[in-house]
Amino acid sequence: MKQEARAPSEKRGGGQNTFSYYPGCALKSSAREYDISARLCCESLGIELRELADWTCCGASSAHATSDVLAVALPGKDLHAASEAGYPLVTACAMCFSRLKIAAHETADMATRTLAGDVSGNIVPVMHLLEVIDSRLASLVPNKGLAGLKVACFYGCLLVRPKAVAIDDAENPQVMDRLMRTIGAEPMPWAFKTECCGAGLPLARPDIVRRLSHRILLSAAAVGADCVAVACPECHANLDMHQAGMGGKHGGEVRVPVVYFTQLLGLSLGFSPYELHLDRHMVDPLPALSSKGLA
Amino acid sequence: MPSPVIPESRSPVSRFVIEHSGQNPARCYQCGKCTAGCPAAPDMDMGPRQVMRALQLGMGREVLSCNSIWVCLQCQTCSSRCPKEIDIAKVMESLRLMAILEGHPAAEKNIALFNEVFLDVVKRHGRAYELEMGALYNLRSGHPTANARILVELVAKGRLALLPPAVRGVAKVRRLFDEAEAARRRVGREVRG
């Protein structure tokens with residue numbers, strides 16, 4: 001039975017390069033550049049993303065913080081839809097990834113699964129886009145290597161913790177570093193790869209977000225990184241959007257561009273910085289990129 | 001050797017935590033690795049190690065009133081590093097849920113307010129609508145112009161959806177909210193006895 005659950009992708013002619021795509025709310029609004037660059041990269045790499053029909057919010061940290069029923073029922077609804085579609089479910093948002101994959105684990109034996117529309121047995125695999133691209137590294141040939149670009153790969157929390165749903169090691173993950181090396185960039189060894197940026201607190205406790213994000217950026221600057229690469233819209237918002245308010249009593253000002261890993265991958269695949277919306281960030285990455293002849 | 005036991009009669013909170021999280025705080029030997037790695041510890045009344053100790057001592061009320069259970073970012077660093085493999089983040093989550101179920105006033109009102117606003121908006125539209133969320137949060141927290149600079153810049157860069165998301169199947173989402181709310185009331189009644 002389990003084997004048959006994966007079969008529809010073949011039947012419908014999609015093969016293993018077809019995925020149901022769950023953009024998540026942020027990628028439709030403040031993180032549009034992540035959605036746009038992810039789609040461009042996938043198209044160029046022959047990965048077909050079919051946006052999940054009528055997907056709804058995974059509940060993010062607020063549902064998780066408020067109700068354990070809602071925390072599973074909301075992503076459970078989307079899992080159910082993805083299981084009907086039959087393709088593995090891929091998302092580029094670390095928060096959505098975490099909520100969906102944890103729900104996939106918990107619906108296996110929780111009473112809440114009936115709430116989510118009988119998500120039973122045949123749940124499709126939930127993957128983060130980094131995993132999908134990592135599985136294709138061997139055949140990835142960059143158009144234009146990002147030679148000389150020093151990148152601090154920032155994983156944050158939700159891709160590497162908790163262990164049950166992690167895509168890599170919790171202390172020194174390598175999946176994004178590998179990708180950066182493959183496209184010719186230089187991933188920097190640094191100490192803050194998996195620290196927390198302040199998560200969903202930028203409105204309620206901006207002081208905490210600024211303190212945590214500031215020390216991450218200082219650490220990236222200290223190892224000489226030209227930019228920080230992220231795989232989560234929340235990390236991006238905290239590190240980039242709130243950067244102007246950092247410093248002060250917690251130490252010096254810091255200016256480090258923060259970009260999505262898909263934007264760097266996109267550059268190496270030959271897309272222009274403008275196609276990838278690299279000009280839309282609060283801290284402009286274009287000067288750093290053009291100093292390396294990349295923009 | 002049998003696991004050490006928390007004197008249950010002294011704390012219904014500990015009992016709820018053990019049952020809900022499946023974790024036994026009595027197993028904690030107070031090494032402090034959780035607090036050492038906790039990014040939010042400097043902003044907490046009690047660091048995670050102290051929360052675990054308070055539970056061991058049956059000080060349930062104190063724990064429900066501390067801000068730590070709200071400030072916890074659920075980054076899972078404590079859980080992934082605990083040498084006794086106690087899921088401390090899960091314990092924090094259980095404590096926060098118990099505070100909510102009991103109607104305990106949140107020690108961090110704005111964090112509770114943000115979660116409420118976020119979920120209200122998701123219930124209404126089926127997805128997060130950032131513009132409405134920011135506006136509602138600002139109004140209800142009494143800081144109507146907070147983050148105005150960021151808002152203006154986002155709009156200027158075309159990075160903020162101005163119209164609400166249009167999703168089919170919002171009714172289903174609302175039903176999930178209603179059922180979760182019913183479950184919360186039911187469990188809340190049980191918790192309050």
Side-chain angles (χ1 to χ4, degrees), chain A residues 24-26 28-33 53-57 59-70 73-74 76-77 112 115-117 156-158 160-163 166 170-171 194-208 211-212 241-242 244-245 277 279-282, chain B residues 20 39-40 42-43 70-71 73-77 79-81 87 89 93 96-97 100 108 110-119 122 125-131 133-134 137-138 141 146-147 149-150 153-154 157-161 165 167-170 172-173 176-177 179-181 183-184:
Chain A
C25 306
K28 290 289 181 183
S29 184
S30 60
R32 273 184 65 213
E33 63 275 25
D54 301 319
W55 59 271
T56 46
C57 177
S61 50
S62 292
H64 180 220
T66 307
S67 154
D68 42 7
V69 175
L70 209 51
L74 287 176
K77 174 184 172 296
T112 41
L115 273 181
C157 307
L158 298 171
V160 297
R161 291 183 295 266
K163 203 184 245 168
E171 304 291 348
T194 65
E195 286 289 321
C196 182
C197 66
L201 294 185
L203 294 183
R205 287 294 303 266
D207 55 324
I208 294 181
R211 179 173 66 75
L212 296 180
M241 230 181 256
H242 293 272
H277 284 218
D279 55 331
R280 307 286 181 103
H281 298 309
M282 303 271 173
Chain B
H20 182 268
D43 300 286
W70 295 94
V71 167
L73 297 151
Q74 285 293 316
C75 73
Q76 314 276 337
T77 305
S79 302
S80 81
R81 292 181 183 169
D87 189 346
E93 181 193 315
R96 187 169 44 204
L97 288 179
I100 294 169
E108 290 279 341
N110 282 349
I111 295 177
L113 172 64
F114 173 77
N115 290 337
E116 197 184 311
V117 167
F118 184 97
L119 293 175
V122 170
H125 301 290
R127 290 182 195 163
Y129 175 26
E130 291 173 333
L131 183 61
M133 242 165 226
Y137 175 83
N138 277 5
S141 63
N147 290 311
R149 175 193 63 81
I150 291 175
E153 208 170 332
L154 279 177
K157 288 181 185 293
R159 281 181 50 195
L160 198 68
V167 191
R168 277 183 306 174
V170 183
K172 174 85 192 271
V173 172
L176 295 177
F177 270 88
E179 292 184 31
E181 176 62 17
R184 190 187 69 81

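In the text below, chain A, chain B and the rest are named by the order of the sequence lines, each starting its count at 1.
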Chemist: What part of A:L203 gets closer than 4.5 Å to chain B, counting heavy atoms only: side chain, backbone, both or neither?
Modeler: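 Both backbone and side chain.
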
Chemist: Tell me, side chain or backbone of B:E116 under 4.5 Å from chain A's heavy atoms, or both, or neither?
Modeler: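 Neither part.
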
Chemist: Counting heavy-atom pairs closer than 4.5 Å to chain B, which one of A:G198, A:C57, A:A31 comes out on top?
Modeler: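 Highest number of heavy-atom pairs under 4.5 Å: A:C57.
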
Chemist: Using side-chain heavy atoms (C-beta onward) and a distance below 4.5 Å, is A:H242 in contact with B:N147?
Modeler: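 The answer is yes, as the side chains (C-beta and beyond) meet within the 4.5 Å cut-off.
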
Chemist: With a 4.5 angstrom heavy-atom cut-off, which part of A:A166 approaches chain B: side chain, backbone, both or neither?
Modeler: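 Neither part.
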
Chemist: For B:P165, which atoms come within 4.5 Å of any heavy atom of chain A: side chain, backbone, both, or neither?
Modeler: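 Neither part, no heavy atoms under 4.5 Å.
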
Chemist: How far apart are the closest heavy atoms of A:M241 and B:R149, and which atoms are they?
Modeler: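 Closest approach of A:M241 to B:R149: O-NH2, 3.4 Å.
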
Chemist: Can you tell me which portion of B:Y129 sits under 4.5 Å from chain A's heavy atoms? Options are side chain, backbone, both or neither.
Modeler: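 It is neither, since no heavy atom gets under 4.5 Å.
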
Chemist: Where on B:A128 is there a heavy atom nearer than 4.5 Å to chain A: the side chain, the backbone, both, or neither?
Modeler: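 Both parts, backbone and side chain.
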
Chemist: If I compare all heavy atoms of A:L70 with all of B:A180, which pair ends up nearest, and what's the gap?
Modeler: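 The answer is CD1-CB, 3.8 Å.
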
Chemist: Heavy-atom pairs under 4.5 Å with chain A are the metric here; pick the option from B:L131, B:V122, B:L119, B:V170 that has the most.
Modeler: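 Heavy-atom pair counts peak at B:L119.
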
Chemist: Between A:R205 and B:N110, is there a side-chain heavy-atom distance shorter than 4.5 Å?
Modeler: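 SC-SC contact between B:N110 and A:R205 ruled out.
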
Chemist: Of all the heavy-atom pairs spanning B:F118 and A:A60, show the shortest one and how long it is.
Modeler: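 Answer, listing the atom of B:F118 first, then A:A60: CZ-CB, 3.7 Å.
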
Chemist: Which value, rounded to the nearest 0.5 Å, describes the distance between B:I111 atom CD1 and A:S62 atom OG?
Modeler: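 It comes to 10.5 Å.
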
Chemist: Which atoms of B:V117 come close to chain A, meaning under 4.5 Å heavy atom to heavy atom: side chain ones, backbone ones, both, or neither?
Modeler: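 Neither the backbone nor the side chain of B:V117 comes within 4.5 Å of chain A.
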
Chemist: Out of A:A170, A:A63, A:G245, return the one with the most heavy atom pairs under 4.5 angstrom to chain B.
Modeler: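 Most heavy-atom pairs within the cutoff with chain B belong to A:A63.
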
Chemist: Does any non-hydrogen side-chain atom of A:R211 lie less than 4.5 Å from one of B:D43?
Modeler: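 Yes - at least one pair of side-chain heavy atoms lies under 4.5 Å apart.
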
Chemist: A side-chain contact here means heavy atoms from C-beta on lying under 4.5 Å apart; do B:K157 and A:H277 qualify?
Modeler: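 Side-chain contact under 4.5 Å: no.
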
Chemist: Please round to the nearest 0.5 Å and tell me the distance separating atom NZ of A:K163 and atom CD of B:Q76.
Modeler: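 One gets 13.0 Å once the value is rounded to the nearest 0.5 Å.
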
Chemist: Would you compute the distance between atom CE of A:M282 and atom CD of B:E153 and round it to the nearest 0.5 angstrom?
Modeler: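 Interatomic distance, A:M282 CE to B:E153 CD, rounded to 0.5 Å: 4.0 Å.
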
Chemist: Find out whether B:F114 and A:L201 are in side-chain contact, i.e. whether some heavy atom of one side chain is under 4.5 Å from a heavy atom of the other.
Modeler: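 B:F114 does not reach A:L201 side chain to side chain.
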
Chemist: Quick check on the interface: out of B:N138, B:L160, B:T77, who has the most heavy-atom pairs with chain A under 4.5 Å?
Modeler: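 Winner by heavy-atom pair count: B:T77.
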
Chemist: Working to the nearest 0.5 angstrom, can you tell me the gap between A:S29 OG and B:E130 CD?
Modeler: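 Spacing of OG (A:S29) from CD (B:E130) equals 3.5 Å.
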
Chemist: Go through the atoms of B:A40 and report whether side chain, backbone, both or neither lie under 4.5 Å from a heavy atom of chain A.
Modeler: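 Contact with chain A is through the backbone of B:A40 alone.
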
Chemist: For a quick test of reading the model, state the closest non-hydrogen atom pair linking B:I100 to A:A65 and the distance between them.
Modeler: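 Taking B:I100 first and A:A65 second, the nearest heavy atoms are CD1-O, 3.4 Å.
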
Chemist: If I measure from the heavy atoms of chain A, does B:L97 come under 4.5 Å with its side chain, its backbone, both, or neither?
Modeler: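 Side chain only.
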
Chemist: Is B:E93 close to chain A through its backbone or its side chain, or both, or neither, when contacts mean heavy atoms under 4.5 Å?
Modeler: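 It is the side chain, since no backbone atom gets that close.
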
Chemist: If you measure from NE2 on B:H20 to CG on A:D68, what distance do you get to the nearest 0.5 Å?
Modeler: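 B:H20 NE2 to A:D68 CG: 3.5 Å, rounded to 0.5 Å.
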
Chemist: Do B:V173 and A:K77 have side chains that approach each other closer than 4.5 Å (heavy atoms only, starting at C-beta)?
Modeler: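 Of all side-chain heavy-atom pairs linking A:K77 with B:V173, at least one is under 4.5 Å.
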
Chemist: Highest number of heavy-atom pairs under 4.5 Å with chain B: which of A:A199, A:S30, A:C196, A:G156?
Modeler: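 The candidate making the most pairs under 4.5 Å is A:S30.
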
Chemist: Side chain, backbone, both or neither: which part of A:R32 has a heavy atom under 4.5 Å from chain B?
Modeler: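 The answer is the side chain of A:R32.
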
Chemist: A:A73 and B:L176: which non-hydrogen atoms are nearest, and at how many Å?
Modeler: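 Of all heavy-atom pairs spanning A:A73 and B:L176, the closest is O-CD1, 3.6 Å.
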
Chemist: Has the side chain of B:R159 got a donor or acceptor atom that lies under 3.5 Å from a matching backbone atom of A:R280?
Modeler: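 Yes, B:R159 side chain to A:R280 backbone: donor-acceptor pair under 3.5 Å.
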
Chemist: Quick one: CG on B:L73 to SG on A:C157, what's the gap to the nearest 0.5 Å?
Modeler: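 The CG atom of B:L73 sits 7.5 Å away from the SG atom of A:C157.
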
